Amino acid sequence: MPNSIKATRQTAHITQAELAKRVQISVDSVKRYENGKRQPRAGELKKIADVLGVTTDELLKDNSECD
């Protein structure tokens, strides 16, 4: 999931700060999600998906084979 959040965010041309602001979480939380140090709660994951214009399923899929 970390790679999915980061890749999707970058594709959407949204900064970590902008994503954090729109989801109402800290930039540090976004960094932790993207680095795999923490996983978002279900509600946060839904908000992240909404902001990025994807489904939660798309963020949850393992895209490690795409790296």
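The figures that follow rest on heavy atoms only: side chains count, while hydrogens, waters and symmetry mates do not. Not measured: the values here are computed from a predicted model.
- Applying the side-chain hydrogen bond (donor to acceptor under 3.5 Å, both in side chains) rule to S26 yields the partners S29; only residues at least two apart in sequence or on another chain are considered.
- Taking CG of L52 as the reference point, atom CG of L19 lies at 5.5 Å (rounded to 0.5 Å).
- Among pairs with a residue in residues 49-59, those fulfilling salt bridge (Lys or Arg N to Asp or Glu O under 4.0 Å) read K46-D50, at least two apart in sequence or across chains.
- The nearest pair of heavy atoms linking T55 to A49 is C-CB, 3.8 Å.
- Closest approach of I5 and P40 over heavy atoms only: CD1-CG, 4.4 Å.
- Note on residues 16-25: pairs passing side-chain hydrogen bond (donor to acceptor under 3.5 Å, both in side chains), not counting sequence neighbours, are Q16-E34.
- E44 is linked by a side-chain hydrogen bond (donor to acceptor under 3.5 Å, both in side chains) to Y33, counting only residues two or more places apart in sequence or in another chain.
- The line from OG1 of T11 to NZ of K6 is 12.0 Å long, rounded to the nearest 0.5 Å.
- Between the CD atom of Q39 and the CG atom of L60 there is a distance of 8.5 Å, given to the nearest 0.5 Å.
- Residue N3 holds its CG atom at 12.0 Å from CG of L59, rounded to the nearest 0.5 Å.
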